[in-house]
Amino acid sequence: MEKIFIKPLKRPYSLWIYRNEIDSPLENFNSGSIVTVYERKTNRLIGTGYINPKSVISIRLLSFKDEKIDEKFFKNSILKSLKYREEFLKFKDTYRLVFSESDFLPGLIIDRYEKCFVIQILTSGMEQFRDLIIKTLEEIFKPEMIILKNDTPSRLKEGLPIEKKIIKGEEKSLPLLIKEADAKFMINPLQGQKTGFFLDQRENRLFLKELITNGFGLDLFSYVGSWSIHLAKKGNKLIGVDNSDRAIEIAMENARINNVSENCKFIKADVFDFIKWEIKKGRKYDFIIVDPPAFVKSRTEKNDGIKGYFTLNSLVLKLLKKGGILATSSCSQHISQEEFQDIINEAFIKNRKKGILIHKGTQSKDHPILLHMPETAYLKCFVLRVFD
Ligand SMILES: C[S@@+](CC[C@H](N)C(=O)[O-])C[C@H]1O[C@@H](n2cnc3c(N)ncnc32)[C@H](O)[C@@H]1O
């Protein structure tokens with residue numbers, strides 16, 4: 001293992017070491033090499049990680065020790081992640097098993113859908129361990145199906161190809177049928193967004209489900225209808241809107257298998273156009289769920305993204321009845337919870353509305369947040385009661 005030296009760290013226990021923090025000639029290192037990191041001044045060991053000299057985040061740590069990154073390392077790491085989800089959180093069958101930095105495995109995501117495991121590898125440093133990761137999953141879980149869903153655009157920046165393939169099992173087993181609380185969902189990891197399902201909103205969906213009964217609402221950016229189905233099972237009627245044909249098809253199928261087709265309608269449309277039509281028609285709803293894709297994907301997009309969230313939420317507020325419920329989310333990692341609260345506050349002020357913040361949710365607990373790395377927190381979900 002090669003040694004690399006760094007300047008005194010500004011953020012202890014962060015797993016990211018930036019290019020300007022390194023005090024060794026980066027050009028001497030090959031992309032993906034495993035390095036042991038030392039602080040130059042004190043010769044103190046910082047940890048073991050992989051290097052990408054071309055990336056601004058040049059080192060991602062895998063351990064705070066001088067440790068061999070081998071089969072035993074991956075087995076122990078995955079077993080630790082499993083123990084946290086199943087023994088500590090009491091999550092069963094379907095959950096995010098590995099969440100990258102948050103599980104000290106930067107660049108690796110593994111979602112478990114019962115007997116099917118979906119792997120996403122985000123960095124070249126992690127890509128070299130792909131066969132080892134698959135072997136480790138085989139050993140621990142003996143899965144029926146393993147899918148590689150390597151389609152995140154960040155892979156291109158790392159010089160990695162985009163690929164989606166079944167490593168184990170057969171395509172005819174898709175779509176999968178999974179459970180969340182008392183609802184069933186059909187998902188297709190190969191064709192769907194992310195690894196097939198937005199597991200990160202689970203706790204927020206279940207919170208809202210307990211809050212609202214017999215109302216008429218909108219599920220904006222509905223994807224496969226996960227919020228709609230839970231709420232429809234509580235006697236609510238909903239219209240879900242998404243611009244993806246495939247998502248709408250699966251959402252309708254999900255409504256059917258949960259026997260709530262009567263209560264759920266899904267429309268393929270651009271949400272912004274839909275809202276404007278509804279405002280024109282003077283429609284009002286008891287509750288509205290707003291769960292858009294990330295508007296801010298990099299720091300440079302931040303100002304435009306803030307405007308996007310403000311415009312969207314300002315428009316949505318025009319469609320809510322007095323005393324109505326707004327469940328609004330942002331999954332942009334570059335927008336903090338405080339910033340999101342300010343944006344929503346501005347949208348309320350613009351509409352001369354007041355609100356009670358009933359729930360300030362974040363990502364589900366199987367997507368842990370590292371105290372020392374605020375970057376691992378990305379999801380905000382605010383549930384508000386709206387007054388004139
Ligand atoms: C974060 S996902 C929604 C997740 C979903 N609410 C859930 O919990 O399963 C965002 C969704 O917005 C859809 N989408 C993106 N831009 C859109 C637009 N302008 N109008 C309608 N849908 C859009 C995508 O197809 C995607 O399904």
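In this chain, residues are counted from 1 in sequence order. Whatever order the structure lists ligands and atoms in, that order sets their numbers, starting from 1.
- Ligand 1 does not have G225 within reach: every non-hydrogen atom of the residue lies 4.0 Å or more from it.
- By the salt bridge (charged side-chain N to carboxylate O under 4.0 Å, His left out) test, E253 pairs with R256, sequence neighbours left out.
- If you take SG on C381 and CG on L208, they are separated by 7.5 Å, rounding to the nearest 0.5 Å.
- Of all protein heavy atoms, the one lying nearest to atom 18 (C) of ligand 1 is N243 ND2, 3.3 Å.
- For the pair R112 and F117, the cation does not sit on the ring face, since its NZ or CZ is not both under 6.0 Å from the ring centre and inside 45° of the axis.
- Regarding atom 26 (C) of ligand 1, its nearest protein heavy-atom neighbour is Q193 OE1, 3.2 Å.
- At a threshold of 4.0 Å, the pair E339-K302 counts as salt-bridged, since one of the basic side-chain nitrogens sits closer than that to a carboxylate oxygen.
- Put simply, no part of A247 is less than 4.0 Å from ligand 1, judged by heavy atoms.
- Side-chain polar atoms of D111 and Y95 form no donor-acceptor pair below 3.5 angstrom.
- The closest protein non-hydrogen atom to atom 15 (C) of ligand 1 is P293 CG, 3.5 Å.
- Polar contact check, C331 against ligand 1: no nitrogen or oxygen pair lies under 3.5 Å apart.
- The residue from L97, L137, I167, I109 that alone fulfils the side chain to side chain contact (heavy atoms under 4.5 Å, CB included) condition with I119 is L137.
- Summary of contacts: the protein heavy atom closest to atom 13 (C) of ligand 1 is D242 OD2, 3.3 Å.
- Each of the following atoms of ligand 1 lies closer than 4.0 Å to a heavy atom of W227: 6 (N), 8 (O).
- By the 6.0 Å and 45° rule, K3 stacks over the aromatic ring of Y38.
- Between the side chains of T36 and D66, not a single donor N or O lies within less than 3.5 Å of an accepting N or O.
- In terms of N/O distances under 3.5 Å, ligand 1 is approached by D291.
- Taking the six-membered ring where the residue is Trp, F74 and F129 present tilted rings, their angle falling between 30° and 60°.
- Looking only at protein heavy atoms, the nearest one to atom 19 (N) of ligand 1 is D270 OD2, 3.0 Å.
- Nearest protein heavy-atom neighbour of atom 2 (S) of ligand 1: F198 CZ, 3.4 Å.
- The S244 neighbourhood of ligand 1 comprises atoms 25 (O), with distances under 4.0 Å to a heavy atom of that residue.
- Of the N or O atoms in Q201, none lie within a sub-3.5 Å distance of an N or O in ligand 1.
- Near A269, with a cut-off below 4.0 Å to any heavy atom, the atoms of ligand 1 are 20 (N), 21 (C).
- Of the polar atoms of R205, at least one N or O is found under 3.5 Å from an N or O of ligand 1, judged by distance alone.
- In terms of protein heavy-atom proximity, atom 9 (O) of ligand 1 is closest to S226 OG, 2.9 Å.
- By the 4.0 Å heavy-atom criterion, V224 is excluded from the residues contacting ligand 1.
- Atom 20 (N) of ligand 1 has as its closest protein heavy atom V271 N, 2.9 Å.
- At least one N or O atom of F221, backbone or side chain, sits closer than 3.5 Å to an N or O atom of ligand 1.
- Using a 4.0 Å cut-off between charged side-chain N and carboxylate O, K168 and E144 make no salt bridge.
- Legend: ring-ring contact (aromatic ring centres under 6.0 Å, His included) pairs involving residues 242-277, not counting sequence neighbours: none detected.
- A side-chain donor from one of Y50 and T123 sits under 3.5 Å from a side-chain acceptor of the other.
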